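Here's the structure, in structure tokens; my notes come after.
Values below: every heavy atom of this structure, side chains too, minus hydrogens, waters and symmetry copies. Computed from a prediction, not measured in an experiment: that's the story for all the values here.
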Amino acid sequence: MEYFYFTVIFLFGIIIGSFLNVCIFRLPREGMSILKPGSFCPACKIPIRWYQNVPLFSFIILGGKCAQCSARIPLRYPLVEFLTGALFVLSAYWYLAPFDSPADGERIVRFAVTIYLASILVVATFIDIDFRIIPDELTVSGIILALLVSALFPLLHKPVFQALPSFANGLFSSLAGIIVGGGVVYLVGVFGKLVFRKDAMGFGDVKLMAFLGGFLGWESTLYIFIVACFIGSIIGITLYFITKDHYIAFGPYIALAALVVMFFKPQITDIAFHRYPEFIRGIFLT
């Protein structure tokens, strides 16, 4: 039965992934709605029929080409669909499994929040790669939603002040995450501009971190920033030697780091604060 549930969740994920492809294409282009018109080929502008728009399967059946004009369909489209489906399955494994027992409210809420964050991060990543922007439609609306969801479901955060009502604790924790998440990146950007005499961080990155902090809390934003810098330094330096481009879109690294922290924060904590210090002590004490 677990395979059945995971299959259903994966299929739901690739359907959402198909919609995310629409968002990735249309959000950064002014005057385009993500709802109207229906899907169309960017090359010939001819509407795509529903049976030619089945996530993943249509790409395979059509051989990666438009049925009308034979223009190649970018590999990004099935990649986004598969990635979204995989992230939905991972979220279900983390918060809903095992399926033989009823899921409690907290697990369901955390699952819903996780797949929402994963979806936003997928869209933000591919838009930032193509256009080097992160649209406010993703982050600003997400910050507002984070405050609302945290007040309604304070279980998403650790209580800060026991004397406060639970909704106030949730709201306060979300606000702290927004301030710390956005503030860390903003201060790094200000310091970087003073040192390098040019913008070191885009304001889209600030809002993305604030958005994540609103849902995940201030502590997780520090983890995300450190992991993002670690990943960004390795990949960024490698890409620089290949492309000679000094500009590094930091949004994708924030997104990747956020996913790592969302799913593996306990393991990161164990390695950073227990295993690594013990390893270092073992080197110097032997």
Side-chain angles (χ1 to χ4, degrees), residues 16 19-20 23 27 34-35 84 87-88 91 94-96 103-125 127-128 133-190 201-228 250-263 265:
I16 297 299
F19 174 69
L20 298 186
C23 296
L27 278 178
I34 61 174
L35 300 177
T84 308
L87 289 172
F88 276 39
S91 302
W94 207 252
Y95 293 111
L96 298 184
D104 57 55
E106 179 176 351
R107 289 164 60 195
I108 293 174
V109 170
R110 290 190 181 278
F111 170 73
V113 168
T114 302
I115 62 174
Y116 164 71
L117 292 178
S119 299
I120 296 297
L121 291 173
V122 168
V123 176
T125 294
I127 290 179
D128 201 16
I133 60 169
I134 301 176
D136 288 345
E137 290 89 341
L138 301 175
T139 53
V140 175
S141 60
I143 290 171
I144 297 170
L145 184 61
L147 292 169
L148 178 61
V149 170
S150 297
L152 293 175
F153 302 102
L155 54 87
L156 291 171
H157 302 277
K158 294 178 181 178
V160 180
F161 302 110
Q162 298 294 338
L164 290 177
S166 58
F167 80 90
N169 260 309
L171 193 61
F172 180 84
S173 297
S174 179
L175 185 60
I178 291 169
I179 294 171
V180 172
V184 166
V185 179
Y186 178 75
L187 290 175
V188 169
V190 170
M201 289 284 181
F203 203 63
D205 299 329
V206 174
K207 288 179 280 191
L208 180 61
M209 280 290 288
F211 158 70
L212 291 168
F215 280 101
L216 302 177
W218 69 270
E219 184 182 271
S220 290
T221 61
L222 299 180
Y223 278 76
I224 292 169
F225 183 72
I226 293 171
V227 174
F250 196 53
Y253 304 124
I254 293 176
L256 179 56
L259 292 172
V260 170
V261 172
M262 282 162 56
F263 293 117
K265 184 180 176 182

Problem - Test item: Phe88 and Ile16 side chains (from C-beta on) under 4.5 Å apart, heavy atoms - result: yes
Practice task
Measure across Ile134 and Gly204 and return the closest heavy-atom pair with its distance rounded to 0.1 Å.
Solution key: CD1-O, 3.9 Å
Handout entry: Inter- and intrachain pairs under side-chain hydrogen bond (donor to acceptor under 3.5 Å, both in side chains), touching residues 208-228, at least two apart
Key = Glu219-Lys265, Ser220-Lys265, Tyr223-Thr269
Exercise for the section: Evaluate whether atom CZ of Phe263 has more than 12 neighbouring non-hydrogen atoms of other residues, nucleotides or ligands under 6.0 angstrom away. Expected result: yes
Exercise for the section: Among residues two or more places apart or on two chains, list those pairs meeting salt bridge (Lys or Arg N to Asp or Glu O under 4.0 Å) that have a residue in residues 135-153. Expected result: Asp136-Lys207
Exercise for the section: Side-chain contact test, heavy atoms from C-beta onward, threshold under 4.5 Å: evaluate it for Ile34 versus Phe19 and give yes or no. Expected result: yes
Exercise for the section: Mind listing the closest non-hydrogen atom pair of Gly251 and Leu208 along with its distance? Expected result: O-CD2, 4.0 Å
Problem - Main-chain N/O of Gly105 paired to Arg110 side chain as donor or acceptor, under 3.5 Å - result: no
Exercise for the section: Would you tell me whether His157 and Ser174 have side-chain atoms, one donor and one acceptor, within less than 3.5 Å of each other? Expected result: no
Practice task
With the side chain counted from C-beta on, respond yes when Val261 and Leu216 share a heavy-atom pair under 4.5 Å apart, and no when they do not.
Solution key: no
Exercise for the section: Taking the side chain as every heavy atom from C-beta outward, state whether Phe215 and Leu117 have any pair of such atoms under 4.5 Å apart. Expected result: yes
Exercise for the section: Could you grab the distance from atom CD of Glu106 to atom OH of Tyr95, nearest 0.5 Å is fine? Expected result: 9.5 Å
Problem - Which atom of Gly142 lies closest to which atom of Tyr116, heavy atoms considered - result: CA-OH, 3.6 Å
Practice task
For residues Leu148 and Leu152, determine if any side-chain heavy atom of one lies less than 4.5 Å from a side-chain heavy atom of the other.
Solution key: yes
Handout entry: Student check: side-chain heavy atoms of Phe203 and Tyr186 closer than 4.5 Å
Key = yes
Practice task
Drop me the distance from Leu138's CG to Ile120's CD1, to the nearest 0.5 angstrom.
Solution key: 5.0 Å
Practice task
Work out which heavy atom in Ile143 is nearest to a heavy atom in Ala210; give both atom names and the distance.
Solution key: CD1-CB, 3.9 Å
Problem - Heavy-atom donor-acceptor pair, Asp128 side chain to Ile133 backbone, under 3.5 Å - result: yes
Exercise for the section: Evaluate the side-chain proximity of Ser150 to Leu171: yes if any heavy-atom separation is below 4.5 Å, no if none is. Expected result: no
Practice task
Can you see which heavy atom on Met209 is nearest to which on Phe225, and at what distance?
Solution key: CE-CB, 4.0 Å
Handout entry: Interatomic spacing from CG in Leu96 to OG in Ser91 - rounded to 0.5 Å
Key = 8.5 Å
Exercise for the section: Would you name the heavy atoms of Pro154 and Ala151 that are closest together and state the gap between them? Expected result: CD-O, 3.7 Å
Fill in the blank from the handout: Paired with Leu212, the side-chain contact (heavy atoms from CB on, under 4.5 Å) test is passed by just one of Thr139, Leu121, Ile178, namely Leu121
